[in-house]
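Only one structure is covered here, and it is reproduced in the block below.
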Amino acid sequence: MLKGKNAIVTGSTSGIGLAIAHSLAAQGCNLVLNGLGEKALIDWLLAEFPKQYAIKAVYSSADMTKPDQIRDMVKTCDSTLGGVDILVNNAGIQFTAPVDQFPEDKWDAIIAINMSAAFHSIKAALPGMKSQGFGRIINIASVHGLVGSENKVAYVAAKHGIVGITKVAALENAASGITVNAICPGWVLTPLVQKQIDDKAKAEKLSVEEASAKLLGEKQPNKRFISPENIGAMIVFLCGEHGAPMTGEIITMDGGWTAQ
């Protein structure tokens with residue numbers, strides 16, 4: 001069902017987004033990649049995806065804080081691949097500090113990239129999806145879209161916002177052939193989480209292994225990281241035939257975190 005479909009995956013040059021891109025490409029999806037990276041990395045990805053999966057791949061350097069660049073990213077998909085079938089809003093950043101010490105510029109950046117960017121990309125992609133009578137929008141939220149944690153005011157606020165955006169967009173498009181869902185992962189071992197582990201190890205004078213085990217043990221009962229490939233497989237399911245009845249769903253993949 002996905003062969004020949006066109007997908008935009010934001011934040012797809014590393015981590016969860018890159019795994020999602022691989023999962024979709026393995027099903028025959030053409031890709032618009034987006035994210036940070038040196039030119040050599042981008043060039044390698046643009047060569048490797050077509051070679052490995054026999055699909056088309058293009059790159060958008062859109063800055064997720066710039067609505068006009070987000071709109072241009074959607075236009076790039078339209079003009080080079082022929083329209084947006086699948087949109088995965090994955091790009092995100094993190095910063096931790098207590099509310100009364102949280103830098104305002106960090107608040108603005110996290111809200112812009114982790115939440116507002118999803119609004120702008122959905123708004124830009126919906127007209128084309130409506131005209132073709134098909135669309136799959138998946139927002140990568142977090143368990144922090146459902147529960148709070150200390151020192152993460154901007155991230156928690158943004159991810160709660162992503163959950164709300166998902167529900168509204170799903171309701172508005174429920175009869176249109178477009179589904180809108182959110183995935184809420186727990187701890188996934190990505191560069192962003194690795195930095196939190198390293199910071200914890202340094203602050204508490206622990207080894208990296210000890211800090212990793214402590215981080216998992218505090219929140220995630222199964223004490224295992226979710227893999228980026230787990231999330232990619234869920235997205236493939238949501239985009240496929242058997243995921244068609246699912247819209248407005250907030251899917252947790254959190255090792256029991258929110259069951260507590």
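Distance check, rounded to the nearest 0.5 Å: CD1 of Ile231 to OG1 of Thr190 gives 9.0 Å. Rounding to the nearest 0.5 Å places SG of Cys184 at 11.0 Å from CE of Met253. Here Asn30 contributes atom CG and Leu81 contributes atom CG; the two are 5.5 Å apart, rounded to the nearest 0.5 Å. To the nearest 0.5 angstrom, Ser227 atom OG is 10.0 Å from Leu189 atom CG. The distance from atom CG of Asn89 to atom CD1 of Ile140, rounded to the nearest 0.5 Å, is 8.5 Å. Rounded to the nearest 0.5 angstrom, Asp72 CG and Gln69 CD are separated by 7.0 Å.
Ser14 is linked by a side-chain contact (heavy atoms from CB on, under 4.5 Å) to nothing, counting only residues two or more places apart in sequence or in another chain. For Lys214, the salt bridge (Lys or Arg N to Asp or Glu O under 4.0 Å) test picks out Glu204, with sequence neighbours left out. For Lys130, the side-chain contact (heavy atoms from CB on, under 4.5 Å) test picks out Asn173, Ile178, with sequence neighbours left out. Listed by chain and number, the residues in a side-chain contact (heavy atoms from CB on, under 4.5 Å) with Thr96 are Gln94, Asn151, Lys152 (sequence neighbours excluded). Judged as a side-chain hydrogen bond (donor to acceptor under 3.5 Å, both in side chains), and not counting sequence neighbours, the contacts of Asp85 are Gln132.
In terms of heavy-atom proximity, Ala125 sits nearest to Leu87 at CB-CD2, 4.1 Å. Contact detail for Ser131 and Gly128: the closest heavy-atom pair is OG-O, 2.8 Å. Looking at every heavy atom in both residues, Gly232 comes nearest to Ser23 through CA-OG, 3.4 Å. Of all non-hydrogen atoms in Ala91 and Met64, the two that sit nearest each other are CB-CG, 3.8 Å. Scanning all heavy atoms of the two residues, the minimum distance from Cys77 to Asn6 falls at SG-CB, 4.1 Å. Shortest non-hydrogen contact noted between Ala19 and Pro228 is CB-CB, 3.4 Å.
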Taking distance alone, no hydrogens or angles, what donor-acceptor pairs closer than 3.5 Å link side-chain atoms of residues 215-222 to residues at least two apart or in another chain?
| from | atom 1 | to | atom 2 | distance (Å) |
| --- | --- | --- | --- | --- |
| Glu218 | OE2 | Lys200 | NZ | 3.1 |
| Lys219 | NZ | Ser149 | OG | 3.4 |
| Gln220 | OE1 | Trp187 | N | 2.7 |
| Gln220 | NE2 | Arg224 | O | 2.7 |
| Asn222 | OD1 | Arg224 | N | 3.2 |

Show the atom names and distances, to 0.1 Å, of all donor-acceptor pairs under 3.5 Å that link a side chain in residues 34-43 to residues at least two apart or in another chain.
| from | atom 1 | to | atom 2 | distance (Å) |
| --- | --- | --- | --- | --- |
| Asn34 | OD1 | Gly11 | N | 3.1 |
| Asn34 | ND2 | Ser60 | O | 3.2 |
| Asn34 | ND2 | Ala62 | O | 3.0 |
| Lys39 | NZ | Asp43 | OD2 | 2.6 |

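Atom CD of Glu104 sits in a sparse spot, with 12 or fewer heavy atoms from other residues, nucleotides or ligands closer than 6.0 Å.
At a threshold of 4.5 Å between side-chain heavy atoms, the hydrophobic network of Ile, Leu, Val, Met, Phe, Trp and Tyr places Ile86 and Leu238 in one connected group. Hydrophobic clustering, with ILVMFWY side chains joined whenever heavy atoms are under 4.5 angstrom apart, keeps Ile183 apart from Ile113. No continuous path of hydrophobic side-chain contacts links Ile20 to Val32 [ILVMFWY only; heavy atoms under 4.5 Å]. Cluster annotation: Ile110 and Ile162 are assigned to distinct hydrophobic clusters (Ile/Leu/Val/Met/Phe/Trp/Tyr, side-chain heavy-atom contacts under 4.5 Å, transitive). Under the 4.5 Å side-chain heavy-atom criterion for Ile, Leu, Val, Met, Phe, Trp and Tyr, Leu126 and Ile8 are members of the same hydrophobic cluster.
Ile235 places a side-chain heavy atom less than 4.5 Å from the side chain of Val88. When side chains are defined from C-beta on, Thr10 does not count as touching Ser121, because their heavy atoms never get closer than 4.5 Å. In this structure, the side chains of Thr76 and Asp78 stay at 4.5 Å or more apart for every pair of heavy atoms. With a 4.5 Å cut-off on side-chain heavy atoms, Val188 and Pro185 count as touching. No side-chain heavy atom of Val74 sits less than 4.5 Å from a side-chain heavy atom of Arg71. With a 4.5 Å cut-off on side-chain heavy atoms, Asp198 and Lys202 do not count as touching. Counting heavy atoms from C-beta on, the side chains of Ile251 and Met246 come closer than 4.5 Å. Between Val58 and Leu33 there is no side-chain heavy-atom pair separated by less than 4.5 Å.
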Checklist entry - Are Met129 and Val84 close enough, and set up right, to give a side-chain contact (heavy atoms from CB on, under 4.5 Å), and what steps lead you there? => result CA-CA 7 Å; Met129 289 181 173; Val84 183; 3.9 Å; yes
Item to check | Verdict with reasoning, Val9 to Leu24, per side-chain contact (heavy atoms from CB on, under 4.5 Å) | outcome: CA-CA 10 Å; Val9 184; Leu24 289 170; 4.0 Å; yes
Item to check | Residues Glu48, Leu45; criterion side-chain contact (heavy atoms from CB on, under 4.5 Å); working and verdict | outcome: CA-CA 5 Å; Glu48 184 64 20; Leu45 290 173; 5.6 Å; no
Item to check | Full working for side-chain contact (heavy atoms from CB on, under 4.5 Å) between Val236 and Leu2 | outcome: CA-CA 8 Å; Val236 168; Leu2 300 186; 4.2 Å; yes
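Within the 3.5 Å criterion, the main-chain N or O of Ile93 finds a donor-acceptor partner in the side chain of Asn114.
The ring pair (Phe, Tyr, Trp, His ring centres under 6.0 Å) contacts involving residues 97-122 comprise Phe95-Phe102, where partners must be two or more places apart or lie in separate chains. Applying the side chain to side chain donor-acceptor pair (under 3.5 Å) test to pairs two or more places apart or on separate chains, those with a residue in residues 155-170 are Asn139-Thr166. Note on residues 244-257: pairs passing side chain to side chain donor-acceptor pair (under 3.5 Å), not counting sequence neighbours, are Asp254-Thr258. Residue pairs meeting the salt bridge (charged side-chain N to carboxylate O under 4.0 Å, His left out) criterion with at least one member in residues 118-129: none, sequence neighbours excluded. Applying the ring pair (Phe, Tyr, Trp, His ring centres under 6.0 Å) test to every pair with at least one member in residues 8-39, sequence neighbours left out, gives these pairs: His22-Phe49, His22-Tyr53.
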